[in-house]
Amino acid sequence: MVQRIRLRYTKRGRLRFTSHRDFQRAFERALRRAEVPMAYSAGFTPHPRVSYANAAPTGTGSEAEYLEIALAEPRDPEKLRELLDESMPTGLDIIDAVEARTSGLADRLTASVWELRLDGVELAEAERAVAAFLAAENVEVQRRTKNGMRTFDTRGAVVSLEALPAPADRPLDNACAILRLVVRHLTPAVRPDDVLSGLRAVADLAPPVPSAVTRLAQGLFDEESGTVTDPLAPDREADTAAPPTAAVAADAKAPEGPAA
């Protein structure tokens, strides 16, 4: 019986420049180092069954990347997470793991929360640009794709956008504004840099240095609360009502060692 484990991982610090392909290579090395009993695909060239979901663009940080692996033998999710995290480079951290008890993880990744740090931009300037963007009916931008230059609307994908003051630990003599952005995952995908292009188009906002972008969360967008929910929550809820896997049951029944 194949066991499916869903993992949440990060891209922090300098590792935000790691491409998705680089992460795949590092993760597959970690699977081998941790001796994870992977299930493999069928066919002439079997490969480990790993499914990646909506990876962040290269150059952006993230606290909420997700993937799913299939195991040939059951393992305790938390112990597996610890082993994999120890085998990954610092910055590519495995921070959560659950057994997949529900279907459709990718279907629950419908929106993201992003933070954009605009060094050299005053808060008032950022607030003016945000107000102009939100007031617009459409904000068209262009981006070069593999099929050439494409024009698309960024406004329709943006659920919310606000300008916030810089953290208290920032130097007082350096202007810095923070943008908090919630964007739906549409086709074509609207990325944080597309929204920055939109702010430049409607309000001539042009930060003097490249912005630092971090995905804070991604998951199902709740229309009532206006929040992005944890995509692993349904698996945790289902797990409380489900019987333990063989690996978890074995751990629970393992005899304790002799008393010291």
Does some side-chain heavy atom of Gln3 sit less than 4.5 Å from a side-chain heavy atom of Leu80? no
Rounding to 0.5 Å, atoms CG (Leu31) and CG (Leu71) come to a distance of 9.0 Å
Same hydrophobic cluster for Leu67 and Val36, using side-chain heavy-atom links shorter than 4.5 Å among ILVMFWY? yes
Over all heavy atoms of both residues, which pair between Leu109 and Ala53 is shortest? Give the atoms and the distance, please. CD1-CB, 3.5 Å
From Glu35 CD over to Ser87 OG, what is the distance, rounded to the nearest 0.5 angstrom? 9.5 Å
Testing the basics here: between Arg101 and Ala238, what is the closest heavy-atom pair and its distance to 0.1 Å? CB-CB, 3.5 Å
Hydrophobic clustering (ILVMFWY, side-chain heavy atoms < 4.5 Å, transitive) - are Ile178 and Val182 grouped together? no
So, for Phe23 and Tyr9, is the gap between ring centers shorter than 6.0 Å? yes
Residues Pro77 and Glu99: closest non-hydrogen pair is CG-N, 3.9 Å
Do we see a donor-acceptor contact under 3.5 Å between the side chains of Gln142 and Thr151? yes
Measure the shortest side-chain to side-chain distance between Ser112 and Val228 over non-hydrogen atoms and say whether it is less than 4.5 angstrom. no
Between CD of Glu86 and CG of Asp93, what distance do you get to the nearest 0.5 Å? 12.0 Å
Validation row: Phe27, Ile69 side chains within 4.5 angstrom (heavy atoms): yes
Taking the basic N atoms (NZ, or NE/NH1/NH2) and the acidic carboxylate oxygens, is any pair closer than 4.0 Å for Arg25 and Asp22? yes
Can we say Glu65 and Arg16 salt-bridge, meaning some charged N sits less than 4.0 Å from an Asp/Glu carboxylate O? no
I'd like to know if the side chain of Ser62 and the backbone of Ala64 have a donor-acceptor N/O pair within less than 3.5 Å. yes
Distance from Asp235 atom CG to Arg108 atom CZ, nearest 0.5 Å? 5.0 Å
Give the minimum heavy-atom separation between Leu15 and Thr90, together with the two atoms involved. CD2-O, 3.5 Å
When you compare the side chain of Val213 with that of Arg117, does any pair of heavy atoms fall below 4.5 Å? no
ring-ring contact (aromatic ring centres under 6.0 Å, His included) pairs, two or more places apart, involving residues 28-48: none
For the atom pair CG (Leu186) and OG1 (Thr154), what is the distance rounded to the nearest 0.5 Å? 11.0 Å
Flag side-chain contact, heavy atom, 4.5 Å: Thr60 against Trp114: yes
Does one hydrophobic cluster hold both Ile95 and Val98, with members joined at side-chain heavy-atom distances below 4.5 Å? no
Steps toward side chain to side chain contact (heavy atoms under 4.5 Å, CB included) verdict (Gln24, Val50): CA-CA 9 Å; Gln24 287 178 305; Val50 183; over 6 Å; no
Any donor-acceptor pair under 3.5 Å linking the side chain of Thr110 with the backbone of Arg184? no
Taking the side chain as every heavy atom from C-beta outward, state whether Val130 and Glu162 have any atom pair closer than 4.5 Å. no
Is Leu123 linked to Leu118 within one hydrophobic cluster, defined over Ile, Leu, Val, Met, Phe, Trp and Tyr using a side-chain heavy-atom separation of less than 4.5 Å? no
Test salt bridge (charged side-chain N to carboxylate O under 4.0 Å, His left out) on Arg236 and Glu78 and set out the steps. CA-CA 12 Å; Arg236 290 194 186 89; Glu78 177 56 23; over 6 Å; no
Mind checking the CG-CD spacing from Leu164 to Glu115? Nearest 0.5 Å is all I need. 8.0 Å
Using the rule given for side chain to side chain contact (heavy atoms under 4.5 Å, CB included), can you reason through Leu105 versus Leu232, listing the C-alpha separation, both sets of side-chain angles and the distance that settles it, and then say yes or no? CA-CA 8 Å; Leu105 173 63; Leu232 301 184; 4.2 Å; yes
With a 4.0 Å cut-off, would you call Arg8 and Glu63 a salt bridge? no
Would you check if the side chain of Asp85 reaches a backbone N or O of Ile94 as a donor-acceptor pair within less than 3.5 Å? yes
Heavy-atom side-chain contact between Arg75 and Ile5 under 4.5 Å: no
Considering only heavy atoms from C-beta outward, does the side chain of Leu179 approach that of Leu199 to under 4.5 Å? yes
For residues 48-68, which residue pairs qualify under ring-ring contact (aromatic ring centres under 6.0 Å, His included), counting only residues two or more places apart or in two chains? His20-Tyr52
For Arg6 and Glu68, what are the C-alpha separation, side-chain angles and deciding distance, and is it a side chain to side chain contact (heavy atoms under 4.5 Å, CB included)? CA-CA 4 Å; Arg6 290 170 176 166; Glu68 180 178 301; 2.6 Å; yes
Would you sort out whether Arg191 and Asp193 count as a salt bridge (charged side-chain N to carboxylate O under 4.0 Å, His left out), showing the intermediate values? CA-CA 5 Å; Arg191 307 184 311 203; Asp193 56 317; 3.1 Å; yes
Over all heavy atoms of both residues, which pair between Ala97 and Arg81 is shortest? Give the atoms and the distance, please. CB-CB, 3.8 Å
Look at the side-chain heavy atoms of Ile, Leu, Val, Met, Phe, Trp and Tyr, link any pair under 4.5 Å apart, and say whether Leu181 and Val141 land in one connected group. yes
Heavy-atom pair with the smallest gap, counting every atom of Pro207 and Asp119: CB-O, 4.5 Å
Show, in sequence, the C-alpha distance, side-chain angles and deciding distance for Val139 and Val158, and conclude whether the side chain to side chain contact (heavy atoms under 4.5 Å, CB included) test is met. CA-CA 10 Å; Val139 181; Val158 174; over 6 Å; no
